[in-house]
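Report on the structure given below.
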Amino acid sequence: MEDLVSVDNLTFSRGDRLIYQDISLRLRKGKTTAIMGPSGIGKTTLLKLIGGQLRPDSGDIRFKGESIPGMGRKRLFEVRRQMSMLFQSGALFTDISVFDNVAYPLREHTNLSEQLIRLLVLMKLQAVGLRGAAAMMPSELSGGMARRAALARAIALDPELIMYDEPFAGQDPISMGVLVKLIKELNDALSLTSVVVTHDVTEVMSIADYVYILADKQIIGEGTPEQIRSHQSPLVQQFLLGRADGPVPFHYPAENIAQQLLENY
Amino acid sequence: MNSRKIEVLVGLFVALAAAALIMLALKVADRGLSGNGETYILKAKFDNIGGLKVRSPVKVGGVVIGRVGNISLDDDDFTPVVTLIIGKEFDKFPQTSSVSILTSGLLGEQYVGLQPGFMLDENDVLKPGQYIEDTKSALVLEDLIGQFLFSRNND
Amino acid sequence: MEWFARLGRSTLQGLAGLGRAAYLLVGALVARPQLKNIPLTIRQMYVVGVQSLLIIIVSGAFIGMVLALQAYTVLVDYGAEESLGPMVALSLLRELGPVVTALLFAGRAGSALTAEIGLMKATEQLSSLEMMAVDPLRRIIAPRLWAGVISMPMLAIIFSAVGILGGQVVGVDWLGVDSGSYWSVMQAAVEFDEDIMNGVIKSLVFAFVVTWIAVFRGYDSVPTSEGISQATTQTVVYSSLAVLGLDFVLTALMFGTH
Ligand SMILES: Nc1ncnc2c1ncn2[C@@H]1O[C@H](COP(=O)(O)OP(=O)(O)O)[C@@H](O)[C@H]1O
Ligand SMILES: [Mg+2]
């Protein structure tokens, strides 16, 4: 199987704080890869690294075999037209309508006529079920609708890679179901390569072809959903089952409680 | 807000700024007279120009007809030469006209007052570039006070 | 020892900030001008220019009126009411027009620019543009910078014009200074290049600095609600100080030596 993206021995830190230590993973062409991990572990950071917005301290990230950190700005912008990212907040442009948001990348990167753009935009909006909301402003949309509108914008240029940053976070069960269905359908219909970053275990296990689990600056487990479910590591099991305490402790490291409570006496 | 309406409003904004600039140019700085309008030049020699400045007005009976264009010193006799830029429409002053440097109010700004003389002959008008012979210098306060004290001492 | 370390650290931070600000400016302006940016710039001129008009016109009128009133009470003692015109006009054209406009602009439009760009950063709109292979410096920063630089001098001209009219209302219509002398003495004293154009140049410099500070503070803000409110305050404080300081320098250069 061919890799669309491969991350090799990546190390990255924000200031003094180490976020990733020597991790490697690959996104296979035409498949949906899930990357799971607790909040603040650096999942968004990983997507930004793949998108070339951040540079790794060491290691390499390759898109179709070409090193992303090694690209010049011009080449990077060319490559980014083949990828697309759905941000956690949707990141719709708040000063223009839903229609114009979806039309934005088309107007920006193609010389298509307004007529053709209208056609394409309406088709993309139809695909996410928001054709009726074309004239609305982003502030008028519910959270789930905003994310679907952003999805329509993300697929406007028919990218090869689409990165979803926590697409399910803060969604009601219905919107969540809709999004799960959309991600799956788009992946199959457009033969996209998808990567879904999330901490919602059940949703993503149903659509992922391959799963990576991140914890403590490293990948602690990987495999198909079945392999992951029967994974040996207690860490992985704690994450999957959502137990409060386990190898990831409930308590932030602190001194002995009895000692601290008595300190002032 | 659709973009058509925005374009119109921004257009109005630019027009308003242009109108304000034109008003400043014409009404406040009076660009009209020496800037664009047709003018001609007269010259006059004074013994003393006092506080006269370039762009000071030239008036006839209170009506502004031009401005001081240039102030220099004659190479031969070291007297100040004032160049007056006069509007083209005021081109019929007789050669017997006189100019004096006057002050508006006690401490006000100084200007050139032109006193039209008698017209003796149709052809005796001041021609462009010509010197006005009859001139009266600025009153300088120090000189006045000096004269006053001098005349008192003589009494 | 600790004191020196702190001095060194803040110097380095200041220099790094200046570097980032310069980078933003170069990225936004040196980029080849794009036709697509013109409608965006017009839209921003609406936001920073048209929407600031009301406050500029009202302030201009009142300042002109107050100037005339104050100047009159002094001038009338010397019988020099005719000098009211130049007094009002020169104060407005040389100083108050450019400076007060810049201060009002910083408070009205500059702070809004900072907050808007900060929010765009916080809601990942800027990152999103990057990922769409669109340079936010060109698409977001450049139109705002241009709009500010173009709009503020126009606002300052309008401010001065309205102020001179306001001065005439108080001086001529109310206090009874002769209308002819209000305007003609003013005309004699005011020079187009010396006074009006120098005022416009001042205003251009202020426009550039204030808008630059505003967009940079937004772009460089910490993308949290706290960070954005802090950036907004900084925009108003820094640009006001910059305007007043630069005004002194420019005045000394333009009108200082005679
Ligand atoms: N712009 C930034 N500057 C400094 N630190 C950051 C920045 N963005 C994120 N971080 C830090 O990096 C860590 C990883 O962040 P992120 O990738 O957003 O986590 P996740 O998406 O897994 O919740 C967090 O601890 C966060 O505080
Ligand atoms: Mg995140």
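Just so it is clear: chains get the letters A, B, ... in the order the sequence lines come, proteins before strands, and each one is counted from 1. The figures here come from the full heavy-atom set of this structure, side chains too, leaving out hydrogens, waters and symmetry mates.
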Would a distance-only check, ignoring hydrogens and angles, find a side-chain to backbone donor-acceptor pair under 3.5 Å from C/Tyr46 to B/Val8? no
Heavy-atom contact with chain B under 4.5 Å, split by part of C/Ile150: neither
Region of C/Leu53 that comes under 4.5 Å of a non-hydrogen atom in chain B: side chain
Once side-chain contact (heavy atoms from CB on, under 4.5 Å) is applied, do any residues pair with C/Glu95, and if so which ones, sequence neighbours excluded? C/Val99, C/Lys202, C/Asp247, C/Thr251
So which bits of residues 15-23 of chain B come within less than 4.5 Å of chain C, counting non-hydrogen atoms only? B/Leu16, B/Ala17, B/Ala20, B/Leu21, B/Met23
C/Gln187 side-chain N/O to B/Lys27 backbone N/O, donor-acceptor pair under 3.5 Å: yes
Residues C/Arg144 and C/Glu116 bridged, charged N to O under 4.0 Å: yes
With a 4.5 angstrom heavy-atom cut-off, which part of C/Ile157 approaches chain B: side chain, backbone, both or neither? both
side-chain contact (heavy atoms from CB on, under 4.5 Å) partners of B/Ser137, counting only residues at least two apart: B/Phe46, B/Asp47, B/Asn48
Identify which part of B/Val68 has an atom lying under 4.5 Å from any heavy atom of chain C, answering side chain, backbone, both or neither. neither
In chain order, what residues pass the ring pair (Phe, Tyr, Trp, His ring centres under 6.0 Å) check against C/Phe208, with sequence neighbours excluded? C/Trp212
Strictly distance-based, threshold 3.5 Å: is any side-chain N or O of B/Thr135 a donor or acceptor partner for the main-chain N or O of B/Lys45? yes
Pair B/Ser98-B/Gln115, side-chain donor/acceptor within less than 3.5 Å: no
Applying a strict 4.5 Å limit to non-hydrogen atoms, the region of C/Ile42 in contact with chain B is both
